[in-house]
A.B. asks: 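Okay, here's the structure, questions in a sec.
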Amino acid sequence: MKPSPKKKTSHKRKTFYITTPIYYVNDVPHIGHAYTTVAADVLARYKRLRGYETFFLTGTDEHGQKVQQAASHHGVDPQMYADRMVVAFKELWEHLTISNSDFVRTTEERHKRVVQAVLQKLQERNVLYQASYEGWYCLPDERFWTSEDVVDGKCPECGRPVEPLSESNYFFKMSAYQDRLKRHIRKHPKFIQPESRRNEVMGFLERPLKDLCISRPRARLSWGIPFPFDPDYVTYVWVDALVNYISAPGYGSDERRFKKWWPADVHLAGKDILTTHAVYWSALLMALGLELPKTLFAHGWWTVDGEKMSKSRGNVVDPNTMAAEYGTDAFRYFLLREVPFGQDGDFSKAAVTTRYNSELANDLGNLFSRTLTMIERYSGGVVPKPHPKAVKTDDRRMAALAKELYKTVGQEMDRFAFHRALREIWTLVDFANRYVEQNAPWNLAKAPKNQARLDTVLYHLAETLRILAIYLFPFMPTTAQRMVTEIGWTTPLDQAIKPMDYHWGKLKPGRPVQKGKPLFPRMEPPTGITKQETVEAATPSKEIRMESTQTEPSLITMDEFRRLELRVGRVVSAEKVAGTDKLLKLSVDIGTEIRPVVAGIATRYAPDLLIGKMVILVANLKPAVIRGIESRGMILAAGDKEVEALATFLEPVKPGSRVK
RNA sequence: AGCGGCGUAGCUCAGUGGUAGAGCAGGAGAAUCAUAAUCUCUUGGCCGGGGGUUCAAGUCCCUCCGCCGCUACCA
């Protein structure tokens, strides 16, 4: 496909370009952000170790309505707000020893220019069109409403009259790429991973793809990147955000650099933003005439103590706290060892502690510790010299296993199977522990005639640890560096190490070892109620807490609560909405009027049973049209996804009474 | 509802038509270099239920039950 001038290819280094999503600055970083970024960091470090020139990109997404609103809520301009919020991310990446090559912010000039260039190009390629539609505008609120939103000619938000408005926007002909995209996915099995996600996207593409609205009228939303050819519009945030993957490596500004990195080798993303990446982004790239990324990997989500993580539950895990409590390396290790990448996992202190104690402290940390002690005691504190004649089968097996790791770990890493890669590494840790028992250096040390054998055994252990450190480095960079340093191998692991360094025997005898504190001091298993502790653990650190209260107040004031108009209602009629499973159409008497309400409770309640029941109605909820039926209010019921129980009253009450 | 996936040891999960496995937890022992860390042995299974194909089914097919994901209207 590509012309390959001999000179160039022979000089060309292997490259690797990996990205995380850019994170929306409206959110304080949590374990989910940390997970993606740590995984990306591990892959980046792994590739660097194997001689790849690596570009590892992360950043922040700073435009859009939510940021604008949050900023005005705090009485600052959006840029200032974003500047403040971005700090939490940058600091977290430092705490987690993230080795990103660049950090792109969508408010940076270099990015904005590229977004505009992209729009210009799309315009030139005739894949944009303007379409208008009718609606209503509330002047004082500066908000656009569709005719479905509007109640009696009034703004559903403030109740003031609205004016008719004809609004238009730019649309991207995404539908035109549906077939091509399907073909691409079919042809490239590794494009979307894991496979289950790939199937989902294929399923999504089975139905007709709509065009994508990629603009917002500036009059409604000013915090965005202006359209280059129409100053009345700003760019839809998702388009703005996705473009970061090409703006940072130099699209439209440095073609040579861009060519070097694009297409990206891996986009990592959470499963929640799979569609935007797999469909929107792919279609945009096709429209631009660019290659698609080689792999898009959608990873799973973490629950906490078996429950969904959410602000209202107050169980949001703060990665800063976890790193402080267990150590950055142990936290990184746990994230990637506990759960197959791609699947959902559960985070609990008990699980972290178990893995920490048994795998890090007992298996690895103790192996390291006992080896160094023996070298200090039986070899005068210097790396002993192995004697070829004293080498036994067991030693060769261990060396062979160490050699095999290059392949086995590599295979798993290339499949994003971090947990399997670690398991491979641990086969060597386990082997080494058995090796110690079987060769019992403390017995050899009892007779001087065994010195050659003793030296050989200890050398094999030291060399095994050196090689282990190389494989562990992507996961636990600080620990790995400590290991090699203490064992007398002074190579900085973060400089791309040489292929030879993976080979057995690179550790030079005669160098002094220096035993430090335990790598992973054992921890007490969590006591008491785990849940409580997790909530406590999730309490944001000082700086974060400030940000947190600023942006995401989890408590509301009395005044805010009073904005809710809750009223007693009596169900006067109920019927199933045709063609749905969950929806019931109710008529609810609230004293002054009878409200039509569509409720998603049909799986729990037969219509007849509801008639006459007293319910709680949110009376000032913005009306909506569901399945062509106007719903003017919402009735309260317990349950998350599935309705469990309808809220009603112990005593008889009059319809229309206020509930507070 | 449509499409897809899962159900295997107390827990988390591997398992390629040919003797059911690993880690953790549980039980017994050995050793003393080590962070009481390690090592050895070991208990534990109607492989969700039922039917079928096959010399042979955890594995392939059908069906039922239960759970999950995506999609569609969850106000």
Side-chain angles (χ1 to χ4, degrees), chain A residues 148-149 156 194-207 271-272 274-275 298 300-301 337-340 343-346 350-351 354-379 419-420 422-423 426-427 429-445 454 457-458 461 515 517-523 577-586 595-603 617-637 639-643:
Chain A
E148 291 174 355
D149 296 327
E195 206 187 329
S196 54
R197 301 294 165 199
R198 176 172 177 258
N199 293 339
E200 278 176 22
V201 174
M202 282 308 277
F204 183 87
L205 290 172
E206 280 312 307
R207 28 188 104 228
K271 60 180 186 179
D272 52 321
L274 173 64
T275 309
W301 277 20
R337 176 64 185 84
E338 178 71 1
V339 174
Q343 287 183 26
D344 289 351
D346 185 53
T354 301
R355 288 223 179 263
Y356 178 96
N357 278 340
S358 84
E359 291 163 18
L360 295 180
N362 297 355
D363 293 348
L364 176 64
N366 186 52
L367 172 67
F368 188 73
S369 172
R370 68 202 302 206
T371 301
L372 284 192
T373 301
M374 289 188 286
I375 289 175
E376 280 178 349
R377 195 176 299 187
Y378 309 136
S379 181
H419 70 302
R420 283 170 170 262
L422 284 166
R423 225 161 53 189
W426 250 253
T427 61
V429 174
D430 293 340
F431 191 105
N433 269 320
R434 277 197 302 276
Y435 179 89
V436 174
E437 296 298 321
Q438 276 155 20
N439 291 286
W442 50 94
N443 286 337
L444 294 172
L454 177 58
V457 167
L458 293 181
L461 284 168
K515 188 182 180 183
K517 293 215 174 91
L519 295 178
F520 302 100
R522 277 183 66 81
M523 304 188 83
V577 178
T580 70
D581 314 316
K582 293 191 178 176
L583 299 185
L584 287 185
K585 185 194 171 194
L586 309 174
R595 291 277 191 95
V597 173
V598 177
I601 57 172
T603 47
L617 184 91
V618 184
N620 61 342
L621 190 68
K622 188 181 107 186
V625 175
I626 299 149
R627 277 289 169 131
I629 301 162
E630 189 187 35
S631 179
R632 294 179 49 215
M634 157 184 172
I635 60 173
L636 301 185
D640 191 9
K641 249 182 171 168
E642 292 294 319
V643 175

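Hydrogens, waters and symmetry mates play no part in the numbers below; they use all other heavy atoms, side chains included. Labels below follow one simple rule: chain letters A, B, ... track the order of the sequence lines, proteins then strands, and each chain is numbered from 1.
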A.B. asks: Figure out the CE/P separation between A:M523 and B:A37, and round it to whole Å.
C.D. replies: 15 Å

A.B. asks: Report, as a single string ordered 5' to 3', how protein heavy atoms within less than 4.0 Å touch nucleotides 23-33 of chain B: B base, S sugar-phosphate only, - not at all.
C.D. replies: -S------SSB

A.B. asks: Can you sort out the partners of A:E437 under salt bridge (charged side-chain N to carboxylate O under 4.0 Å, His left out), two or more places apart, ordered by chain and number?
C.D. replies: A:R370

A.B. asks: Can you measure A:D346 atom CG to B:C11 atom P for me and round it to whole angstrom units?
C.D. replies: 15 Å

A.B. asks: Taking only residues two or more places apart in sequence, or in another chain, which ones meet A:F204 in a side chain to side chain contact (heavy atoms under 4.5 Å, CB included)?
C.D. replies: A:L209, A:T275, A:V279

A.B. asks: Would you mind telling me which residue lines up with the more 5' stretch of RNA chain B, A:R420 or A:F204, judged by nearest nucleotide?
C.D. replies: A:R420

A.B. asks: Quick one: list whatever passes side-chain hydrogen bond (donor to acceptor under 3.5 Å, both in side chains) with A:R355, sequence neighbours left out.
C.D. replies: A:E338, A:E359

A.B. asks: Taking only residues two or more places apart in sequence, or in another chain, which ones meet A:D344 in a salt bridge (charged side-chain N to carboxylate O under 4.0 Å, His left out)?
C.D. replies: A:K271

A.B. asks: Just to confirm, is there a sub-4.0 Å distance from OP1 or OP2 of B:U38 to any side-chain nitrogen or oxygen of A:N366?
C.D. replies: no

A.B. asks: Which whole-number value in Å describes the distance from A:E200 CD to B:G5 C1'?
C.D. replies: 9 Å

A.B. asks: So, is A:R434 near the phosphate of B:C39, with a side-chain N or O under 4.0 Å from OP1 or OP2?
C.D. replies: no

A.B. asks: For B:A37, does the O4'-C1'-N9-C4 (purine) or O4'-C1'-N1-C2 (pyrimidine) torsion place it in syn, i.e. within 90° of 0, or in anti?
C.D. replies: syn

A.B. asks: Take atom CG of A:L360 and atom P of B:U35, then tell me their distance rounded to the nearest Å.
C.D. replies: 17 Å

A.B. asks: Of the candidate nucleotides B:U38, B:U35, B:U71, which contains the atom at the shortest distance from the side chain of A:K515?
C.D. replies: B:U35

A.B. asks: Could you give the CZ-to-P distance, from A:R423 to B:C13, as a whole number of Å?
C.D. replies: 13 Å

A.B. asks: To the nearest Å, how far apart are A:L636 CG and B:A75 C1'?
C.D. replies: 11 Å

A.B. asks: Mind jotting down which residue pairs meet the salt bridge (Lys or Arg N to Asp or Glu O under 4.0 Å) criterion with at least one end in residues 194-203 of chain A? Sequence neighbours excluded, please.
C.D. replies: A:R197-A:E200

A.B. asks: From B:A14, B:U71, B:A37, pick the nucleotide closest to the side chain of A:R207?
C.D. replies: B:U71

A.B. asks: Both distances under 3.5 Å, Watson-Crick or G-U wobble: report the partner of B:C70, or none.
C.D. replies: B:G2

A.B. asks: Only pairs with both distances under 3.5 Å count, Watson-Crick or wobble alike; so what is the partner of B:C33 in this structure?
C.D. replies: none

A.B. asks: Could you state the atom-to-atom distance from CD of A:Q438 to P of B:A34 in whole Å?
C.D. replies: 20 Å

